[in-house]
Student: 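Please read through the structure below; I'll follow up with questions.
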Amino acid sequence: MKTLALLGDAFADPFGDLDLGSVSGADAFDARVNAVARRACRTGAPLADHQCRARFRAEAMRLLPGVRRDEYARARGGRILAAVPVVYG
């Protein structure tokens, strides 16, 4: 798969210099992943490109080691909204 091959090349050590536990580190990681995704997902069809980039980003997150993924999630904690059920009565 083209996406996985590009991820392998681009992710040799793409985040070793980043603190994924900080907002700026998570932003830089996102920028790197998005740049590679844009290069990998050029079909010419906007919807197909968008879907490809979304799958690419999901795969990049899946490939992060668990500890690094947890750091990233903590950095993004301020931006995540939770759906909380409201009980009336």
Student: Any donor-acceptor pair under 3.5 Å linking the side chain of R69 with the backbone of M61?
Tutor: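 Yes, the answer is positive, given that a donor and an acceptor are paired below the 3.5 Å cut-off.
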Student: Set out, in order, the CA-CA distance, both residues' side-chain angles and the distance that settles side chain to side chain contact (heavy atoms under 4.5 Å, CB included) for R76 and D27, then state yes or no.
Tutor: CA-CA 9 Å; R76 292 292 183 231; D27 286 345; 2.8 Å; yes
Student: Please report the closest heavy-atom contact between L20 and A75, naming both atoms and the distance.
Tutor: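 Where L20 meets A75 most closely, the heavy atoms are O-CB, 3.2 Å.
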Student: Could I get the full list of salt bridge (charged side-chain N to carboxylate O under 4.0 Å, His left out) partners for R68, not counting sequence neighbours?
Tutor: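 For R68 the salt bridge (charged side-chain N to carboxylate O under 4.0 Å, His left out) partners, ignoring immediate neighbours, are E71.
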Student: Can you tell me how far the CZ atom of F29 sits from the CG atom of L18, to the nearest 0.5 Å?
Tutor: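 One gets 8.5 Å once the value is rounded to the nearest 0.5 Å.
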Student: Once you round to the nearest 0.5 Å, how far does CZ of R53 lie from CZ of R39?
Tutor: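 Reported to 0.5 Å precision, the distance equals 13.5 Å.
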Student: Could you measure the distance from the CG atom of D30 to the OH atom of Y72? Nearest 0.5 Å is fine.
Tutor: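 Here the interatomic distance stands at 3.0 Å.
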Student: Does the side chain of R57 reach to within under 4.5 Å of the side chain of V36, using non-hydrogen atoms?
Tutor: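 SC-SC contact between R57 and V36 ruled out.
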